[in-house]
2 protein chains.
Amino acid sequence: MQKTVRIVIIEDDEILQHAYKQLIEDEPGFYVVNCYNSFEAAEKKLVAEDPSIVLLDIELPGISGVNAIPLVKKMLPKAHVIVLTVYELEDQIFSALANGAAGYLTKDTSSAKIIEAIYDARGGGGPMSKKIASIVIKSFQKNSDSPLSKRETEIMRMVSEGKKRNEIAEELFIELETVKTHIKNIYAKLNVNSRSDALKVLKQHRVI
Amino acid sequence: MQKTVRIVIIEDDEILQHAYKQLIEDEPGFYVVNCYNSFEAAEKKLVAEDPSIVLLDIELPGISGVNAIPLVKKMLPKAHVIVLTVYELEDQIFSALANGAAGYLTKDTSSAKIIEAIYDARGGGGPMSKKIASIVIKSFQKNSDSPLSKRETEIMRMVSEGKKRNEIAEELFIELETVKTHIKNIYAKLNVNSRSDALKVLKQHRVI
DNA sequence: GAAAAATACCCCTTTAGGGGGTATTTCCAT
DNA sequence: ATGGAAATACCCCCTAAAGGGGTATTTTTC
């Protein structure tokens with residue numbers, strides 16, 4: 001039993017909207033239930049239309065795509081939201097993913113890849129454009145030329161988890177005084193004088 | 001001018017090692033400089049062999065693949081390390097990426113996809129298997145059913161950045177006393193009584 | 001119109017954080 | 001082998017932050 005895949009498109013560019021619709025409906029088993037120009041337009045009817053895939057533009061008039069994701073997921077918890085965008089902004093990507101997007105495609109993605117992405121999303125995969133994948137991977141990569149020593153980095157990672165000096169000392173089997181010394185040295189190296197400032201600097205430079 | 005792509009394979013399974021070598025050398029412009037069974041075996045000769053791609057198994061005898069990545073990157077800063085593994089362990093994936101892996105493939109990846117991954121890595125992309133991509137995307141997704149209110153979540157995110165109560169109060173334009181009240185309520189909801197315990201709980205449940 | 005969320009204030013005690021030092025040992029690289 | 005970095009540990013000091021006990025008002029939201 002091969003069920004029809006019900007798809008809703010939310011995209012304010014009418015030309016793109018029709019292009020997507022066309023290419024999806026050329027794929028056997030895929031059916032575009034409806035298209036909208038904004039999330040607000042889709043809002044009332046989404047639940048009744050019950051799509052399993054929502055293709056969502058980020059740059060929408062009114063509520064942005066990023067903010068629409070959690071709303072869509074609330075209405076259709078089982079649906080997969082695939083984000084489409086022209087921009088490749090790191091923060092936008094992470095916000096979209098944090099909000100529950102199943103996949104993230106740039107608009108230069110080929111027809112074949114869009115179809116593939118829908119299959120992927122249905123299979124629990126995480127479709128991403130190549131560029132998005134590389135941005136995501138880069139976000140994980142830590143800066144290897146940090147002024148901090150190994151131990152200092154380790155301590156700051158624990159600080160970033162909200163741990164207190166004595167908790168750090170216990171976990172590392174060293175004295176509280178030693179932790180204090182390390183933190184003093186770290187502050188001197190980073191030219192800061194508080195945990196939050198130190199963490200800010202380290203996160204900016206992707207050290208932790 | 002199409003330069004030959006120099007590739008080194010570090011993989012302890014001889015059968016897989018030969019399979020990879022074969023499939024890579026079938027690709028015009030790709031050349032397998034050498035194969036090793038462990039990082040230790042490769043260590044001395046890597047710099048001289050100067051590969052631009054290192055295919056690295058994670059499960060190696062001696063130094064693990066994860067720990068080998070930063071060492072390889074140190075010797076060959078411009079090389080792209082592509083990790084190959086049978087396991088799909090979240091922590092292992094993140095450690096490998098944090099250590100500088102350009103891509104991450106599972107060993108069930110088809111020959112064509114391995115070749116594609118090498119091209120991708122060279123082009124600055126971030127090749128990933130579908131399964132890896134979905135694990136990575138899931139890691140970004142925040143849990144939407146959290147006991148915390150919006151404001152409480154916001155405050156705990158700031159706590160997770162090492163911010164003090166008065167810094168939080170200033171940034172949110174509310175009184176210190178209000179922040180204290182929120183944090184007291186949060187601790188009650190989470191059944192904890194310290195910042196670090198609260199953060200531990202929230203990170204476990206992917207709230208922040 | 002009731003419930004949940006956000007705001008704000010009072011009391012109190014303990015602990016953590018940050019800055020000033022100095023000193024020893026261990027380890028790595030030239 | 002030796003000099004410098006890293007890691008360890010201790011002393012002093014003071015201020016600020018954290019946490020726990022309350023109560024109460026306003027604003028949102030369903």
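Numbers restart at 1 for each chain; the letters A, B, ... are given by sequence-line order, proteins then strands.
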Any N/O pairs under 3.5 Å between the protein and nucleotides 27-29 of chain D? List them or say none.
none

Between the main-chain N or O of A:Ala98 and the side-chain N or O of B:Gln141, is there a donor-acceptor pair closer than 3.5 Å?
-> no
Measure from CD on A:Glu152 to P on D:dA5 and round the result to the nearest Å.
-> 13 Å
Consider only side-chain N and O atoms of B:Tyr36 and B:Asn34, and report whether a donor and an acceptor are under 3.5 Å apart.
-> yes
Using a strict cut-off of less than 4.0 Å between a Lys/Arg side-chain nitrogen and an Asp/Glu carboxylate oxygen, indicate whether A:Glu171 and A:Lys163 qualify as a salt bridge.
-> yes
Would you call A:Lys130 and B:Asp120 a salt bridge, taking side-chain N to carboxylate O under 4.0 Å as the test?
-> yes
What are the 5'-most and 3'-most nucleotides of DNA chain C lying under 4.0 Å from any heavy atom of chain B?
-> C:dA5 to C:dG18
Any residue of residues 69-76 of chain B with a heavy atom less than 4.0 Å from an atom of DNA chain C | none
Counting heavy atoms not belonging to A:Lys107, are there more than 12 under 6.0 Å from its NZ?
-> yes
Give me the residues of residues 185-195 of chain B where at least one heavy atom lies under 4.0 Å from an atom of DNA chain D, by number, or none.
-> B:Tyr187, B:Asn193, B:Ser194, B:Arg195
Of residues 161-180 of chain B, the positions that come close to DNA chain C - non-hydrogen atoms, cut-off under 4.0 Å = B:Lys164, B:Ile174, B:Glu175, B:Glu177, B:Thr178, B:Lys180
Salt bridge check: are A:Glu154 and A:Arg157 linked by an N-O gap of less than 4.0 Å?
-> no
Take the C1' atoms of the five end pairs on each side of the helix from C:dG1-D:dC30 to C:dT30-D:dA1, derive the two axes, and give their angle rounded to 10 degrees.
-> 90°
Flag the pair A:Lys180 and A:Glu175 as a salt bridge only when some basic side-chain nitrogen lies within less than 4.0 angstrom of an acidic carboxylate oxygen.
-> no
Closest approach of B:Val66 and B:Ala96, non-hydrogen atoms and distance?
-> CG1-N, 4.3 Å
Answer yes if the side chains of B:Gln17 and B:Asn37 hold a donor-acceptor pair under 3.5 Å, and no otherwise.
-> yes
Close side-chain approach of A:Glu161 to A:Glu167, heavy-atom, < 4.5 Å = no
Any chance you could lay out the salt bridge (charged side-chain N to carboxylate O under 4.0 Å, His left out) test for A:Lys138 and A:Glu88, step after step, and finish with the verdict?
-> CA-CA 13 Å; A:Lys138 280 200 187 77; A:Glu88 292 150 4; over 6 Å; no
